[in-house]
Amino acid sequence: MDMMCLEKELREAFCWFHENPELAYEEFRTTEKIREILTVHGIEILPYKLETGLVAVIRGEKAGAVQALRCDIDALPIVEETGLSYCSKEAGKMHACGHDMHITAGIGCAVLLQENRNRLRGTVKIIFQPAEETSLGALKILETDVMKDVDRIWGFHADPTNEAGAVAIREGYVTAAVDRFVITVKGVGCHGAHPDHGIDPIPVAAAIIQALQSIVSRNVNAFHPSLLSVTRVSAGTTWNVIPAEAVMEGTVRTMEREDRVLYEKRLREIAERTAQAYGAEAEVEWIAGPPATCNDKEMADFCARWAETMGLPVAVEESSLGGDDFAFYEEKIPGCYVKIGTGIGHPIHHPAFMVKPEMLLPAAEFLSGLILGDQQE
Ligand code: NI
């Protein structure tokens, strides 16, 4: 395989994906473009019925395990401010989380594996997954039986806190469980000058917001990372009317399964009983997202060794209570999720976030090497 050719092809593909961002569940043109490139390289696409996204397969010539690589493909509703010559052509949409790099590196990895089928043991499924930004796109893939025979899965993410091509790895927890809650406090509306005629939901909401922070400080084991953020509060329409309702929304991030259960229980108790103490009522809606991602030790160790063999800088991945729906895949099988440096710059989800294209080919080589495994050494 001519690496110069592949590099040129990947750079062109990357520019196309960057120029044509599509939001969650709308990745139709993106999916077609991926299909087109893979087909040119003779890579088989599995006949799963997915509205967006697709699964490619590379069948090794030797017997072995079934591995998967997850690449997420959706963009964000952000107005791009990079000034790049290949900036977004879609108003208000941008690949600000580097999923354009994920697609491109995934394609590059597929091409390299296809070229090395004689050395490849077992089968590899490359999953081009829609809607990661909703935290639930993985479920679209899991509705099919793609994962039924998969023994282990690899995942990766763009990392603008590291130089281009550097690999950041950590064993154990790398992303948090992501849950969302909505609390509706129901009082009785009345004139602003006669609070005694109603039940004001606003002081109730304030009391609940204060008390919720006692979950992390008083209920959770102090050695377990977790947090609760109230991110939206809304009540009332004007200055002289006490509203009947106040609504709060937010997120809970946990690493340990037991803490997730504890947060939901305490959040319900605090909201419902605080409201009751004020003569109001609280309704709690708990919307469960993905669990925490926990990297398999052996896979993480191999990853670090392989990055060193390739001569890539290796960094320890920073802990974060961010989430990724990659966690849904590795609830039942070993998995490993690594960060690949895209060049130090603006953080992901920032309108000026950029990927240095020189990291595309090394990223593809790194990923294909992970999958080829020990045979590489
Ligand atoms: Ni992302």
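At a threshold of 4.5 Å between non-hydrogen side-chain atoms, the residues Tyr329 and Gln129 count as touching. A 4.5 Å side-chain heavy-atom check between Asp296 and Arg152 finds every atom pair outside the cut-off. For the pair Pro334 and Met299, the minimum side-chain heavy-atom distance is below 4.5 Å. Residues Phe181 and Tyr263 are not in side-chain contact: their nearest non-hydrogen atoms beyond the backbone lie 4.5 Å or more apart. At least one side-chain heavy atom of Lys33 sits less than 4.5 Å from a side-chain heavy atom of Phe17. With a 4.5 Å cut-off on side-chain heavy atoms, Leu46 and Leu54 do not count as touching. Taking 4.5 Å as the limit, some side-chain heavy atom of Phe353 sits within range of a side-chain heavy atom of Pro160. Looking only at side-chain heavy atoms (C-beta outward), Val247 and Val233 stay at 4.5 Å or farther from each other.
Using a 4.0 Å cut-off between charged nitrogen and carboxylate oxygen, Asp149 and Lys125 count as a salt-bridge pair. With respect to Glu32 and Arg29, no salt bridge is recorded, no charged nitrogen being found less than 4.0 Å from a carboxylate O. Here Asp301 does not pair with Arg305 in a salt bridge; the nearest charged N to carboxylate O distance is not below 4.0 Å. The residues Glu256 and Arg260 are annotated as not salt-bridged, no charged nitrogen and carboxylate oxygen being separated by less than 4.0 angstrom. Salt bridge Lys140/Asp325: absent, no basic N to carboxylate O contact under 4.0 Å. In summary, Arg70 and Asp72 engage in a salt bridge, as defined by a charged side-chain N under 4.0 Å from a carboxylate O.
Summarising the local packing, CD of Glu258 is surrounded by more than 12 heavy atoms from other residues, nucleotides or ligands at distances under 6.0 Å. Residue Arg218 places its CZ atom among 12 or fewer non-hydrogen atoms of other residues, nucleotides or ligands, all under 6.0 Å distant. Heavy atoms from other residues, nucleotides or ligands lying under 6.0 Å from CD of Glu51 number 12 at most. Counted within 6.0 Å of CD on Glu298, heavy atoms from surrounding residues, nucleotides or ligands total 12 or fewer; the atom is thus considered open.
Note: Asp2 CG to Glu7 CD = 10.5 Å, rounded to the nearest 0.5 Å. Taken from CE in Met94 to CD in Glu19, the straight-line distance is 13.0 Å, to the nearest 0.5 Å. Here the CG-CG distance, from Asn118 to Leu120, works out to 9.0 Å after rounding to the nearest 0.5 Å. In this structure, the separation between CG on Leu228 and CG on Leu321 is 12.0 Å, given to the nearest 0.5 Å. The CG atom of Leu23 sits 9.0 Å away from atom CD of Glu90, with the distance rounded to the nearest 0.5 Å. Rounding to the nearest 0.5 Å places NZ of Lys297 at 11.5 Å from SG of Cys336.
Counting only distance, with no hydrogens or angles, the side chain of Asn295 and the backbone of Arg170 share a donor-acceptor pair below 3.5 Å. A donor-acceptor pair is defined here as one N or O able to donate and one able to accept, closer than 3.5 Å; no such pair exists between the side chain of Thr104 and the backbone of Leu10. A donor-acceptor pair under 3.5 Å links the side-chain atoms of Glu330 to the main chain of Cys294, judged by distance alone. Listed for the Gln67 side chain is a donor-acceptor partner under 3.5 Å among the backbone atoms of Ile371. When atom types are taken as modelled, the side chain of Glu27 and the backbone of Ala131 share a donor-acceptor pair closer than 3.5 angstrom.
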Checking side chain to side chain donor-acceptor pair (under 3.5 Å) for the pair His95/Glu80: CA distance, chi angles, key distance, verdict?
-> CA-CA 8 Å; His95 267 296; Glu80 180 161 347; over 6 Å; no
When you look at Phe366 and Cys109, which way does the side-chain contact (heavy atoms from CB on, under 4.5 Å) test go after all the steps?
-> CA-CA 8 Å; Phe366 172 70; Cys109 173; over 6 Å; no
For the pair Met248 and Arg232, evaluate side-chain contact (heavy atoms from CB on, under 4.5 Å) and give the outcome as yes or no after the intermediate values.
-> CA-CA 6 Å; Met248 290 161 276; Arg232 185 174 73 85; over 6 Å; no
Go through Asn20 and Trp16 one step at a time and tell me if the side-chain contact (heavy atoms from CB on, under 4.5 Å) criterion holds.
-> CA-CA 6 Å; Asn20 294 281; Trp16 191 93; 3.3 Å; yes
With side-chain contact (heavy atoms from CB on, under 4.5 Å) as the test, would you mind laying out the steps for Cys190 and Ile242 before giving the verdict?
-> CA-CA 5 Å; Cys190 56; Ile242 290 173; 3.9 Å; yes
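Classified by interplanar angle (parallel below 30°, tilted 30° to 60°, perpendicular above 60°), the ring pair His350/His346 is parallel. Phe326 and Tyr337 have tilted rings, their planes meeting at an angle from 30° to 60° on a 0 to 90° scale.
Here the shortest heavy-atom pairing between Cys97 and Glu133 reads CB-OE2, 3.2 Å. Residue Asn116 comes nearest to Leu112 through the heavy atom pair ND2-O, 2.7 Å, listed as atom of the first residue, atom of the second, then distance. Contact between Ala205 and Ala246 at its shortest, heavy atoms only, is CB-CB, 4.1 Å. The two atoms that bring Ile169 and Val338 nearest to each other are CG1-CG1, 4.0 Å, heavy atoms only. Leu312 and Gly165 get closest at one heavy-atom pair: CD2-O, 3.6 Å. Contact detail for Ala158 and Thr342: the closest heavy-atom pair is CB-CG2, 3.6 Å.
Both Leu139 and Val55 are part of a single hydrophobic cluster, where members link through side-chain heavy atoms under 4.5 Å apart. Leu69 and Tyr48 are assigned to two separate hydrophobic clusters, defined by single-linkage of ILVMFWY side chains at heavy-atom distances under 4.5 Å. In the hydrophobic clustering of this structure, Ile73 does not group with Ile127; members are Ile, Leu, Val, Met, Phe, Trp, Tyr whose side-chain heavy atoms approach within less than 4.5 Å, directly or through other members. Clustering ILVMFWY residues whenever any of their side-chain heavy atoms sit less than 4.5 angstrom apart, transitively, puts Val230 in the very cluster that holds Val252. By the criterion of side-chain heavy atoms lying less than 4.5 angstrom apart, applied directly or through intervening Ile, Leu, Val, Met, Phe, Trp or Tyr residues, Leu262 is grouped together with Ile208 in one hydrophobic cluster.
Listed by chain and residue number, Glu22 satisfy the side chain to side chain donor-acceptor pair (under 3.5 Å) test with Thr30 (two or more places apart in sequence, or in another chain). In this structure, the side chain to side chain donor-acceptor pair (under 3.5 Å) partners of Arg59, at least two apart in sequence or on a different chain, are Glu44. Remark: Arg180 pairs with Glu249 by the side chain to side chain donor-acceptor pair (under 3.5 Å) rule, at least two apart or across chains. Legend: residues meeting side-chain contact (heavy atoms from CB on, under 4.5 Å) with Gln114, ordered by chain and number and at least two apart, are Ile43, Ile58, Arg117.
Aromatic rings from His157 and His102 are positioned such that their centres are separated by under 6.0 Å.
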Please set out all donor-acceptor pairs under 3.5 angstrom arising from side-chain atoms of residues 274-290, sequence neighbours excluded.
unit_1, atom_1, unit_2, atom_2, d
Thr274, OG1, Ile270, O, 2.5
Glu283, OE2, Lys186, NZ, 3.0

Which pairs of donor and acceptor atoms, one on a side chain in residues 34-42, lie under 3.5 Å apart (sequence neighbours left out)?
unit_1, atom_1, unit_2, atom_2, d
Thr39, OG1, Arg35, O, 2.5
His41, NE2, Glu9, OE1, 3.0
His41, NE2, Glu9, OE2, 2.8

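Ser226 and Thr254 form no side-chain donor-acceptor contact under 3.5 Å, judged by distance and modelled atom types alone.
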